[in-house]
Amino acid sequence: MNGAWMTVLKRDLLLAFRRRSDVATTLFFFLIVSSLFPLGIGPEPAVLSSIAPGVLWVAALLAGMLSLTRLFAADFTDGSLEQMLLAPQPLTLLVTAKVLAHWLVCGLPVVVLAPLIGLQYTLPNDSLFVLIISLLLGTPALSLIGAIGAALTLGVRGSGLLVALLVLPLYIPVLIFGAGAVAASQHGMSAQAHLSLLAACSLLALVLAPLATAAALRISVE
């Protein structure tokens, strides 16, 4: 069982490495969107600092959504998805491997780049640290929830728009708690409550999202 999980994870990471342009698109989108706000609003540090939590979290959220439609599309096209459905291993386990691969190539690089972007918004060191922790805790939930939307819209024309309509309402709690953690740190308050809620969102998504994604994949293939 663990061998199949590792095989799927390594395969998806290898495919992502071969399609580096797809990964680069996600990162460039995050960099460009988050960098345009200081140019458009102006160099006032107080203003930039006040909008930084929301802007950075929205940019990370939208960047992660760009790659969601590709999460199962290649497997659906080449027949690999049908083999996964027929495999003796639980489909939910294989789904977690694919979601982890998606987070490693799309979510983790955003977490690494976020502090550099945060410097443009004159975030203090404490807030930058909270930003990193909040993204580490929250972005896995975005990948897990996004996988449900990707599975539900698999093979549907215009799936990108449908994925956005399906998953954006579910992203709202993660966005609120993530941006709230950074904002609380900026105002000298403890961000522990927001970070705990973010961790709870990711754990809840880890339990429920693979089940929902597996069921959606079976429906889409049938």
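Quick note: numbers below take in every heavy atom, side chains included, and nothing from hydrogens, waters or symmetry partners.
The list of salt bridge (charged side-chain N to carboxylate O under 4.0 Å, His left out) pairs with a residue in residues 88-117, not counting sequence neighbours, reads Asp12-Lys98, Asp75-Lys98. Counting only residues at least two apart or on different chains, no side-chain hydrogen bond (donor to acceptor under 3.5 Å, both in side chains) pair has a member in residues 199-216. Pairs of residues two or more places apart, or lying in two chains, never qualify as salt bridge (charged side-chain N to carboxylate O under 4.0 Å, His left out) while including a residue from residues 100-118. Residue pairs that meet the side-chain hydrogen bond (donor to acceptor under 3.5 Å, both in side chains) test with at least one member in residues 174-192, sequence neighbours left out, are Ser49-Gln186, Ser127-Ser185.
Grouped with Val112 in a hydrophobic cluster is no other residue, since no side-chain heavy-atom contact under 4.5 Å to another Ile, Leu, Val, Met, Phe, Trp or Tyr is found. In the hydrophobic clustering, Leu204 connects to Val207, Leu208, either directly or through intervening members, whenever side-chain heavy atoms lie under 4.5 Å apart.
Atom-to-atom distance recorded for Leu206:CG and Leu100:CG is 10.0 Å, nearest 0.5 angstrom. Between atom OG1 of residue Thr139 and atom CG of residue Leu144 there is a gap of 10.0 Å, rounded to the nearest 0.5 Å. The distance from atom CZ of Phe30 to atom OG1 of Thr26, rounded to the nearest 0.5 Å, is 11.5 Å. Distance check: Ile219 CD1 to Leu154 CG gives 12.0 Å after rounding to the nearest 0.5 Å. A distance of 11.0 Å separates CG in Leu48 from CZ in Phe37, rounded to the nearest 0.5 Å. The CG atom of Leu113 lies 10.0 Å from the CZ atom of Phe28; values are rounded to the nearest 0.5 Å.
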Only distances under 3.5 Å count here; give the side-chain donor-acceptor pairs of residues 66-73 to other protein atoms, sequence neighbours excluded, each with its distance to 0.1 Å.
unit_1: Ser67; atom_1: OG; unit_2: Gly64; atom_2: O; d: 3.2
unit_1: Ser67; atom_1: OG; unit_2: His102; atom_2: NE2; d: 2.8

Listing, residues 163-170 side-chain donor-acceptor contacts under 3.5 Å, not counting sequence neighbours, or none:
none

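Shown here for Ala183 and Pro53, the closest heavy-atom pair between the two residues is N-CG, 4.0 Å. Smallest separation of non-hydrogen atoms from Gly118 and Leu128: CA-CD2, 3.8 Å. Closest approach of Tyr121 to Pro38, counting heavy atoms only: OH-CD, 3.4 Å. When every heavy atom of Ala60 is checked against every heavy atom of Val110, the shortest pair comes out as CB-CG1, 3.7 Å. What you find for Ala181 and Ala191 is that their closest heavy atoms are O-CB, 3.4 Å. Leu198 and Gly138 get closest at one heavy-atom pair: CD2-CA, 4.0 Å.
Looking at heavy atoms from C-beta onward, Ser220 lies out of side-chain contact with Leu152 at the 4.5 angstrom threshold. You'll find the side chain of Gln120 reaches within 4.5 Å of the side chain of Ser35, heavy atoms only. In this structure, Val182 and Leu56 have side chains that are not in contact, with every pair of non-hydrogen atoms separated by 4.5 Å or more.
In terms of the side-chain hydrogen bond (donor to acceptor under 3.5 Å, both in side chains) criterion, residue partners of Asp78 (sequence neighbours excluded) are, by chain and number, Ser80. Listed by chain and number, the residues in a side-chain contact (heavy atoms from CB on, under 4.5 Å) with Leu211 are Thr92 (sequence neighbours excluded). Partners of Thr96 under the side-chain hydrogen bond (donor to acceptor under 3.5 Å, both in side chains) rule, at least two apart in sequence or in another chain, are Trp5. Under the side-chain contact (heavy atoms from CB on, under 4.5 Å) criterion, Glu44 pairs with Ala46, Val47, sequence neighbours left out.
A continuous path of ILVMFWY side-chain contacts below 4.5 Å connects Ile133 to Leu108, so both sit in one hydrophobic cluster. A chain of hydrophobic side-chain contacts below 4.5 Å, direct or via other Ile, Leu, Val, Met, Phe, Trp or Tyr residues, connects Leu135 to Ile132. Put simply, Leu62 and Ile51 are part of the same group of oily side chains (I, L, V, M, F, W, Y) that touch within less than 4.5 Å, one to the next. Side-chain heavy atoms closer than 4.5 Å link hydrophobic residues (I, L, V, M, F, W, Y) into clusters, and following such links, possibly through other members, connects Leu27 to Trp103. By the rule that hydrophobic residues join a cluster once side-chain heavy atoms approach within less than 4.5 Å of another member, Leu142 and Ile172 end up as members of one cluster.
Side chain of Ser143 to backbone of Val99: no donor-acceptor contact under 3.5 angstrom is found. A donor-acceptor distance shorter than 3.5 angstrom exists from the side chain of Arg20 to the backbone of Phe17, with no hydrogens or angles considered. No donor-acceptor distance shorter than 3.5 angstrom exists from the side chain of Tyr171 to the backbone of Ile145, with no hydrogens or angles considered.
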As a quick check of understanding, evaluate side chain to side chain contact (heavy atoms under 4.5 Å, CB included) for Trp57 and Val174, giving each step before the final call.
CA-CA 9 Å; Trp57 256 95; Val174 180; 3.8 Å; yes

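Within a 6.0 Å sphere centred on CZ of Phe129, other residues, nucleotides and ligands contribute 12 heavy atoms or fewer.
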